[in-house]
Student: 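Structure provided below as structure tokens; questions to follow.
Chain letters run A, B, ... following the sequence lines, proteins first, then strands; residues in each count from 1.
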There are 2 protein chains.
Amino acid sequence: MNQAKPRYQQLKDLIIGRISSGELQPADRVPSENELVESMSVSRMTANRALRELNDEGYVDRVAGRGTFVSDYRSQSHLLEVHNIADEIALRGHAHSSQVMRQSLQHARGEVAKALHVEQGTDVVHLLLVHAENGVPIQLEDRHVLASFAPGCLQQDFAAVTPSAYLTSISPLQEAEQVVRASVPNRAVQKYLDIEDGEACLVVIRRTWSAGRPVTFARLHHPGSRYELTGHYTPPGTSRSTSSDVVQLEELRQ
Amino acid sequence: MNQAKPRYQQLKDLIIGRISSGELQPADRVPSENELVESMSVSRMTANRALRELNDEGYVDRVAGRGTFVSDYRSQSHLLEVHNIADEIALRGHAHSSQVMRQSLQHARGEVAKALHVEQGTDVVHLLLVHAENGVPIQLEDRHVLASFAPGCLQQDFAAVTPSAYLTSISPLQEAEQVVRASVPNRAVQKYLDIEDGEACLVVIRRTWSAGRPVTFARLHHPGSRYELTGHYTPPGTSRSTSSDVVQLEELRQ
DNA sequence: CCCGTGAAGTTGTATATACAGGCTAGTACA
DNA sequence: TGTACTAGCCTGTATATACAACTTCACGGG
């Protein structure tokens, strides 16, 4: 039934486990190849493969002569494309604030139940909040969270910690699916985001999985005039160990 | 100046070269590890690393007992997220057609020159075409291509082969950057896409690099009511060799 | 005090070797 | 004829060994 995993994969799992449990923090030193040889009774080539693949996958950074260190690149959002609005704003050096409009226990129905793969009537927490960048509304977050996944969700102060950050802290989110649309919003959304009549919205609809099942479903409305999504694609094989120049956009955005 | 690349990387480059030159077609057999040992005078472990990494990066598929074969997964779009509208429509089983509205040689100025990193006045080919799915307009492609990169661009019949496919055939596009916006378009765009007054557009602005320099800059307008972008994110390390279930969205789109 | 030098530890690469396990084709046998 | 088996090739993993290059740090000479 349960195939024995290869030795190098066991090593990877062990280290990933230490990272996601918090035992190893970003920038912490990971055991060197020789230390793994001693403590785990493997050959250096096996330890090398484990650490090299963790490097390729972005979990750690390796520097010849110095050692292997937990990467903090990954911790901010786990997946580059699926980021937290607060971090995104902070990255631009601006001030983030958010206002909780609704935070209530509800029964899932219709689209929400379908998206979360649960029966109609299952308990979900409904969150509605407006995120602002330097005081200007930039995202209306309309989110449903499986109550069984995040029991503390009703008490949490989401003005201080965003739902995204809170959910990530409970359990690493492992998979995400999103749809991006453009539409002219209804009055309610217009009011929340303080946008003109007839202005377009960029809508991101996102489902996120943890432990193999969907746990949260969010509709994110953004004012078309104040928000855009950016992405940068490089072919795999472009070594992660070389200096990461993730810069070079920005000028098109102005 | 030019650091000697490691042996395994030379092997990878060699095989990638054979694939992108067309010498090796999808599903063709790639030299086995032992054949590389003989012909390239390397150890089997080195050949193994080269082929294993090509597998991880999606260039080839390996089957224990049978051999290594060129993957066709990669050839359709090189980067999953940066796809060709014609392929995308074909994937849905619908009919794609396109109409060329403009195909002319121009001098780059302003935003275009800036985006392509060239002097004002450099020759660029300007393309404007409307793509339709089952006869319904779904994308207005407003593209500028560096004339020096694609000399045949003015003669090409883009109603038959999309610019994206044509450019990919000239040289593999290696890097892409895109910005996604929502906006209400002007009259001209409205007319091309046959959309209602006041309806939103999903706008994708994309720059693509080849051989280290930007070669094409495109603004893609889509009717908000008839088009959406979808994305699916899985953490790296989710082995590529296991059966790829890229399915599982679709139901949210209805 | 400063600088160079070298030792020790680290990653990066390359090789030879070994065994396990999957796949295929051909052969021997019933 | 058909079936079972096996030889041969393939990938997948694991180990021991070796050398190169980089980083840090301590030590010693100027």
Side-chain angles (χ1 to χ4, degrees), chain A residues 1-15 24 27-71 73 237-244, chain B residues 1-15 24 27-71 73 237-244:
Chain A
M1 188 72 61
N2 227 338
Q3 277 289 359
K5 285 188 184 175
R7 213 83 178 81
Y8 76 91
Q9 186 62 52
Q10 293 177 28
L11 286 186
K12 288 174 64 178
D13 290 342
L14 182 81
I15 293 168
L24 286 173
D28 276 2
R29 192 170 168 286
V30 171
S32 74
E33 296 180 1
N34 281 321
E35 285 166 354
L36 289 175
V37 167
E38 297 255 324
S39 63
M40 296 288 113
S41 304
V42 295
S43 77
R44 211 203 107 193
M45 283 307 295
T46 301
N48 176 274
R49 178 166 177 184
L51 291 177
R52 176 158 44 81
E53 292 193 358
L54 288 177
N55 178 64
D56 293 341
E57 292 160 16
Y59 287 96
V60 301
D61 294 314
R62 315 195 75 194
V63 184
R66 280 177 30 83
T68 303
F69 305 89
V70 177
S71 170
Y73 157 71
T238 308
S239 167
R240 235 193 66 79
S241 46
T242 61
S243 70
S244 55
Chain B
M1 188 71 63
N2 228 341
Q3 276 290 0
K5 284 187 186 177
R7 212 84 177 81
Y8 76 91
Q9 186 62 53
Q10 293 177 29
L11 286 186
K12 287 175 66 178
D13 290 343
L14 182 79
I15 293 167
L24 285 175
D28 277 2
R29 193 170 168 284
V30 171
S32 75
E33 296 181 0
N34 281 321
E35 286 166 354
L36 289 175
V37 167
E38 298 255 323
S39 63
M40 296 287 113
S41 303
V42 295
S43 76
R44 198 183 77 108
M45 283 308 294
T46 301
N48 176 273
R49 177 166 177 184
L51 292 178
R52 176 159 43 81
E53 292 192 359
L54 287 177
N55 178 63
D56 292 342
E57 291 160 15
Y59 287 97
V60 299
D61 294 314
R62 315 195 75 195
V63 184
R66 280 176 28 85
T68 303
F69 306 89
V70 177
S71 170
Y73 158 70
T238 307
S239 167
R240 232 193 66 78
S241 44
T242 61
S243 69
S244 55

Student: Would you mind telling me which residue lines up with the more 5' stretch of DNA chain D, Arg66(A) or Ala64(B), judged by nearest nucleotide?
Tutor: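 Upstream on the strand: Ala64(B).
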Student: Using heavy-atom distances to pick each residue's nearest nucleotide on DNA chain D, tell me which of Val63(A) and Tyr8(A) is more 5'.
Tutor: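 Residue closer to the 5' terminus by nearest nucleotide: Tyr8(A).
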Student: Whole angstrom is fine here: how far is it from CE in Met40(A) over to C1' in dA14(D)?
Tutor: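 Atom-to-atom, Met40(A) to dA14(D), this comes out as 17 Å.
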Student: Take the protein atom CZ of Arg52(A) and the nucleotide atom P of dA14(D), then report the distance between them rounded to whole Å.
Tutor: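 Nearest whole value for this atom pair: 13 Å.
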Student: Think Arg62(A) has a side-chain N or O under 4.0 angstrom from the OP1 or OP2 of dT10(C)?
Tutor: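 False: Arg62(A) side-chain N/O out of range (4.0 Å or more) of dT10(C) OP1/OP2.
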Student: Rounded to whole Å, please give me the gap between CD in Glu53(A) and C1' in dT11(C).
Tutor: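 Between C1' of dT11(C) and CD of Glu53(A): 16 Å.
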Student: Atom CZ of Arg29(B) to atom C1' of dC23(C): distance rounded to whole Å?
Tutor: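 The answer, rounded to whole Å, is 12 Å.
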Student: Do we see a donor-acceptor contact under 3.5 Å between the side chains of Arg7(A) and Thr46(A)?
Tutor: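 No, Thr46(A) and Arg7(A) have no side-chain donor paired with an acceptor closer than 3.5 Å.
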Student: Does Ser43(B) make a side-chain N or O approach to OP1 or OP2 of dA14(C) shorter than 4.0 Å?
Tutor: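 Indeed not, no polar side-chain atom of Ser43(B) lies that close.
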Student: Could Glu33(A) and Arg49(A) be called an ion pair, given the rule that one side-chain N must be under 4.0 Å from one carboxylate O?
Tutor: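 Between Arg49(A) and Glu33(A) there is no salt bridge, as every charged N stays at least 4.0 Å from the carboxylate O atoms.
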Student: Round to the nearest Å and state the distance from Lys12(B) atom NZ to dT13(C) atom C1'.
Tutor: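 That distance rounds to 14 Å.
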Student: Please report, rounded to the nearest Å, how far the P atom of dG12(C) is from the NZ atom of Lys5(B).
Tutor: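 Checked: the NZ to P distance equals 18 Å.
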Student: Can you tell me if the side-chain N/O atoms of Thr68(A) get under 4.0 Å from OP1 or OP2 in dT11(C)?
Tutor: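 Indeed, a polar side-chain atom of Thr68(A) lies that close.
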Student: Whole angstroms only, please: what is the CD-P distance between Glu33(B) and dT13(D)?
Tutor: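 Interatomic distance, CD of Glu33(B) to P of dT13(D): 11 Å.
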Student: Ignoring backbone atoms, establish whether Ser32(A) has a side-chain N or O less than 4.0 Å from OP1 or OP2 of dT10(C).
Tutor: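 For dT10(C), OP1/OP2 do have a side-chain N/O of Ser32(A) under 4.0 Å.
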Student: Between Met45(B) and Val30(A), which is nearer to the 5' end of DNA chain C once each is assigned its nearest nucleotide?
Tutor: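 Result: Val30(A).
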Student: Between the side-chain atoms of Arg44(A) and the base atoms of dG12(C), is any donor-acceptor pair under 3.5 Å?
Tutor: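 Answer yes: a donor N or O sits under 3.5 Å from an acceptor.
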Student: Other residues, nucleotides and ligands only: do more than 12 of their heavy atoms fall within 6.0 Å of CD on Glu35(A)?
Tutor: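 Counting other residues, nucleotides and ligands, CD of Glu35(A) exceeds 12 neighbours.
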Student: With nearest nucleotides of DNA chain C determined for Ser41(B) and Asn34(A) from heavy-atom distances, which residue corresponds to the more 5′ nucleotide?
Tutor: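 Result: Asn34(A).
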Student: So, is Arg49(B) close to the dT13(C) phosphate, meaning a side-chain N or O under 4.0 Å from OP1 or OP2?
Tutor: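 Arg49(B) to dT13(C) OP1/OP2: side-chain N or O found under 4.0 Å.
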Student: Roughly, in whole Å, what's the span from CZ in Phe69(A) to P in dT23(D)?
Tutor: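 Atom-to-atom, Phe69(A) to dT23(D), this comes out as 12 Å.
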Student: Just N and O in the side chain of Arg7(A): are any of them under 4.0 Å from OP1 or OP2 of dG12(D)?
Tutor: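 It does not, given that no N or O in the side chain of Arg7(A) lies less than 4.0 Å from OP1 or OP2 of dG12(D).
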Student: Is the shortest distance from a Lys or Arg side-chain nitrogen in Arg44(A) or Glu38(A) to a carboxylate oxygen in the other one below 4.0 Å?
Tutor: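 No, no charged N to carboxylate O under 4.0 Å.
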Student: Working to the nearest 0.5 Å, report the span between CE of Met45(B) and CE of Met45(A).
Tutor: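 Met45(B) CE to Met45(A) CE: 5.5 Å, rounded to 0.5 Å.
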